[in-house]
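Below: one structure, written as structure tokens.
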Amino acid sequence: MNLEQIKDIKQLLSQPKKIVIVSHRNPDGDAYGSSLALYLYLLKFNHQVTVVSPNDCPNFLKWMPAQDKIVIFEKEEKKGSKLLEEADVIFVLDFNAFHRVGVKMQVVLEKIKPIFIMIDHHQQPDDFAKYTYVDPEICSTSQMIYQFLDKLDHLDFIDENIATCLYTGILTDTGSFRFPSTTSLTHRIVAHLIDCGANGASIYNNIHDVNSYSRLQLLGRALKNMKVVDSCHMAYITLSQKELSEFSFKKGDTEGFVNYALSIKNVIFAAIFIEDKKQKIIKISFRSVGSFSVNDFARNHFNGGGHVNAAGGRSDESLINTISNFLKIVPDYRNELKKSYEK
Ligand code: 5GP
Ligand code: MN
């Protein structure tokens, strides 16, 4: 985003506007963190602003400032559609292609003509936004919102709640500041967010110390189901709908499970396959360390995408067939995986 565009956006936002902020389906900490931070910032300028989320967030995000103000499209389709249709400006945060919001909301987004502003850190964005600030090197959309406010010369507007939202997004998308996308700039930004009132310890506890007994039992089952393919430095986990039901699965319960597979010594490529009988799909998460691109892998074989080291996808086949296909595809990448492992 160059200076000219920043000037344009400043001009655009200098008068009260009808603004909607949209993030992707199955919102995570970064989706809600960036959306709510921008929402709280825009409210300070008398805009009519609403966050519309395709569906609800997991319980571990329910404490976030102003999250109760979010319109959940799945629950309030009429209201959500009206807001989108009447918006002058729509911010698209933490995703870059309309299909990421789910079919019903996608249909609405495709027929309206507001000014779209995309702020996102995924690769290969679709070309629908008038203004785009896209950088796959940045760890999180929340960090990008901070940098966006910096470009607008508005860092002074960051209050405790905005800082809390941005901190949450950066924390969750960096795996608590562990992933290589975490830079010195990330730490400098986070330091400033703490100065603005974000309480790192309590945010971490809000997100992580909410385990239920049944979730830990489900984790036990997932770990039991885990298989390792040594020759490909790969490990994967499966969870059937029956297993999810047995352990009273709730949204968000499987968050982070795939990282256990990736934590095995010599494993650099991990996947988790989760059966969703309601949507009739298998939802897949891929993770890698090093140069092996799970973004490419998910795009090429499982209708998905994401980042080099974290991506997702889906399959319309049964769980058994999906795994069988996966195990047929992976050996084609054996050399690439070996190379990445040896680097
Ligand atoms: P997760 O595995 O945590 O759901 O997602 C990891 C990353 O991949 C996130 O950045 C997410 O936005 C992206 N992602 C997850 N599922 C999909 C998908 O079905 N399609 C695309 N394009 N990206 C996905
Ligand atoms: Mn993100």
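Note that ligands are numbered from 1 as they come in the structure, with each ligand's atoms numbered from 1 the same way.
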Q.
What's the separation between atom CG in Asn300 and atom OG in Ser293, rounded to the nearest 0.5 Å?
A. 8.5 Å
**Q.** Lys NZ or Arg CZ of Lys151 over Tyr133 ring: under 6.0 Å, within 45°
**A.** yes
Q.
Return the closest protein heavy atom for atom 15 (C) of ligand 1 as residue, atom name and distance.
A. Gly312 CA, 3.4 Å
(Q) In terms of relative ring orientation, are Tyr41 and Phe157 parallel, tilted or perpendicular, with 30° and 60° separating the classes? (A) perpendicular
Q. Is there a donor-acceptor contact under 3.5 Å linking the side chains of Ser34 and Asp94?
A. no
**Q.** Residue Ser285 vicinity, atoms of ligand 1 by number, heavy atom under 4.0 Å
**A.** 1 (P), 2 (O), 4 (O)
**Q.** Min heavy-atom dist His122 to ligand 1 below 4.0 Å
**A.** yes
Q. Considering Ser140, Ser23, Ala311, Ala298, which one's heavy-atom position lies nearest to atom 8 (O) of ligand 1?
A. Ala311
Q | Nearest non-hydrogen protein atom, atom 24 (C) of ligand 1 | A | Gly305 O, 3.2 Å
Q.
Test ring-ring contact (aromatic ring centres under 6.0 Å, His included) on His208 and Phe60; report intermediate values, then the result.
A. CA-CA 7 Å; His208 292 282; Phe60 65 81; 7.7 Å; no
Q. What atoms of ligand 1 come within less than 4.0 Å of a heavy atom belonging to Gly306?
A. 8 (O), 13 (C), 23 (N)
Q) Does an N or O anywhere in Phe286 fall below 3.5 Å from an N or O of ligand 1? A) no
Q: Name all residues meeting the side-chain hydrogen bond (donor to acceptor under 3.5 Å, both in side chains) criterion together with Asn211; count only those two or more places apart in sequence or in a different chain, and write none if there are none.
A: Arg215
(Q) Less than 4.0 Å is my threshold; does some heavy atom of Arg100 fall inside it relative to ligand 1? (A) yes
Q: Starting at CE of Met1, measure out to CG of Asp8 and round the result to the nearest 0.5 Å.
A: 9.5 Å
Q.
To check your reading of the model: name the closest protein heavy atom to atom 3 (O) of ligand 1, its residue, and the distance in Å.
A. Arg287 NH2, 2.8 Å
Q) With backbone taken as N, CA, C and O and side chain as the heavy atoms from C-beta onward, which portion of Glu255 lies under 4.0 Å from ligand 1: side chain, backbone, both, or neither? A) neither
(Q) Before you tell me yes or no, could you show the steps for Glu275 and Lys283 under salt bridge (Lys or Arg N to Asp or Glu O under 4.0 Å), namely the whole-Å CA-CA distance, both residues' side-chain angles and the distance that decides it to 0.1 Å? (A) CA-CA 6 Å; Glu275 187 176 28; Lys283 182 72 193 123; over 6 Å; no
Q) Do Val134 and His121 come close enough that some side-chain heavy atom pair is under 4.5 Å? A) no
Q.
Check this for me: Lys251, atom NZ, are more than 12 non-hydrogen atoms of other residues, nucleotides or ligands nearer than 6.0 Å?
A. yes
Q: Could you check Asp56 against Lys62 for salt bridge (Lys or Arg N to Asp or Glu O under 4.0 Å), going step by step and ending with a plain yes or no?
A: CA-CA 9 Å; Asp56 208 352; Lys62 288 278 182 196; 2.8 Å; yes
**Q.** Short N-O contact, Asp159 and Lys44, less than 4.0 angstrom
**A.** yes
Q. Do any protein N, O or S atoms sit under 2.8 Å from the Mn ion (ligand 2), and which ones are they?
A. Asp30 OD2, Asp94 OD1, His121 NE2, Asp173 OD2
Q.
Heavy-atom distances under 4.0 Å decide this one: backbone, side chain, both or neither, for His307 against ligand 1?
A. side chain
Q. Just heavy atoms, cut-off under 4.0 Å: does Lys283 contact ligand 1 by side chain, backbone, both, or neither?
A. side chain
Q. Which residue holds the protein heavy atom closest to atom 7 (C) of ligand 1, what is that atom called, and what is the gap in Å?
A. Ala310 O, 3.5 Å
